Amino acid sequence: MPLPAVILNRHVPHRILHGHLWVYATEVTRMEGTPAPGDLVEVRDGAGTALGWGFYNAASKIVVRLLTRTACAIDPDFFKARLQQAIRYRERVLPGRPARRLVNSEGDLLPGLIVDQYGDVLVVQATTAGMDRLLPMWVDLLLEACHPRAILERNDVPVRAFEGLPLRVGVLHGVQPALQRLTIGALAFPCDPTDAHKTGVYLDQQCNWEAVAAYAAPGARVLDAFCHLGGFGLHALRAGAGHAVLLDSSAQALAGARQAAEWAGQQERITCVEDNAFGYLKSSDGAGERFDLIILDPPTFTRTRAAVAQAMRGYKEIHLRALKMLRPGGVLATFSCSHHITSQGFLEMITDAAGDARRALRRERLLGASPDHPVLAAIPETEYLKGAVFTVLDG
Ligand code: SAH
């Protein structure tokens, strides 16, 4: 039986020809057949040429996510080959790391599937109806490829609502594991698969913790704002910094950071502050606090394009405060994980804030997500994490 087909407008969007995987509802002229959410479909241009095959879901604005542009059977062997390719890539770019993202959705040509590895525990998220329906197959493939002790599903991500999928958390294989102690970056951290943040840890920052630590001067006073488990601050201490203020609004995050500091033997050199960063930065600046290294890694301030201007005001406010609090020669490491804020927009906002704060900056390095979170060049949306390191060059 032929697959149902989605026929695009006469003009095939250039994006798709260049490797983008998404078809928007507004680009569809007509349908052949009546696919259910999560069914496989063929995508054709107005002249009848097949462009690719992927998962359909009429409930989403993105009605198709392509899996392949080459005609082939999309069966368990197809997905097994994609999984093996994803695992081989991690072996190359992050060899031997116990915690890493094994499958990064579009970045591994498996749109809608995320698999994070925490030692011998795997945490799975399905964000499309097509992948959600295939979860039993993914459990079999992951057991065969990785032999995990447990596979958990953290299908409590809000994006599932766009696909009409219910929110679910549970054990797909084995038993619910207790909190684990795992090396992330170069230090041990408590990994809690029930933590509300991501799948427990911000694995996308793993390599950046070490990259930013390289800028910590001996004895430096560090502010790790929006610290979660304190990955940046604790790596800076490991690299020779003198003291780190670990700031987060979540008590649970700070409990994890305290535990990690203890395992690192650094508990005497941290101060944990449970506060709203906006309020803390304002009052510390007012009180004349000064730092040698400040890390800003806030959660996304905008989930919609419409809220970008307001988000930019929030970003600018914390950058202004941070820049004022840096000593001459001090370092700012800053990140944005907002899909709707471009690299260029982010960097311009920082230059703007530096102007207002009367600080001259030298850009030392641009950073992105760790390499186990690959980006598809044709899909700007997959490049959500942007970061940069600056030195204050006054004088
Ligand atoms: N820097 C961390 C990841 C940070 S994620 C790492 O590298 O692992 C964003 C963090 O900001 C979360 O831990 C969240 O609890 C915290 N957060 C959110 N809003 C906040 C606010 N207004 N003030 C302080 N912390 C906040």
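Ligands are counted one by one from 1 in listed order, and the atoms in each one are counted from 1 as well. Fair warning: this is a prediction, and the values are worked out from it, not measured in the lab.
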Review point. Should the pair F232 and W209 be assigned to parallel (<30°), tilted (30 to 60°) or perpendicular (>60°) ring geometry?
Key: perpendicular
A student checking ligand 1 against D275 at a 4.0 Å heavy-atom cut-off should list atoms 23 (N), 24 (C)
Is it true that L229 lies under 4.0 Å from ligand 1, counting heavy atoms only? no
Q) Looking only at side chains, do N9 and T29 share a donor and an acceptor under 3.5 Å apart? A) yes
shortest atom 23 (N) of ligand 1-to-protein heavy-atom contact is with A277 N, 2.8 Å
Residue, atom and distance of the protein heavy atom nearest atom 15 (O) of ligand 1 read D248 OD1, 2.6 Å
Residue, atom and distance of the protein heavy atom nearest atom 20 (C) of ligand 1 read S249 OG, 3.3 Å
Can you say whether the rings of F189 and H235 are parallel (under 30°), tilted (30 to 60°) or perpendicular (over 60°)? parallel
Note: ligand 1 atoms sitting under 4.0 Å from heavy atoms of P299 are 9 (C), 11 (O), 18 (C), 19 (N)
re atom 2 (C) of ligand 1, the protein heavy-atom contact at minimum distance is D297 OD2, 3.3 Å
(request) Please check if the distance between the ring centroids of Y202 and F226 is under 6.0 Å. (result) no
Counting from 1 in the order shown, the ligand 1 atoms closer than 4.0 Å to a non-hydrogen atom of S250 are 15 (O)
Student check: side-chain heavy atoms of K282 and R321 closer than 4.5 Å: yes
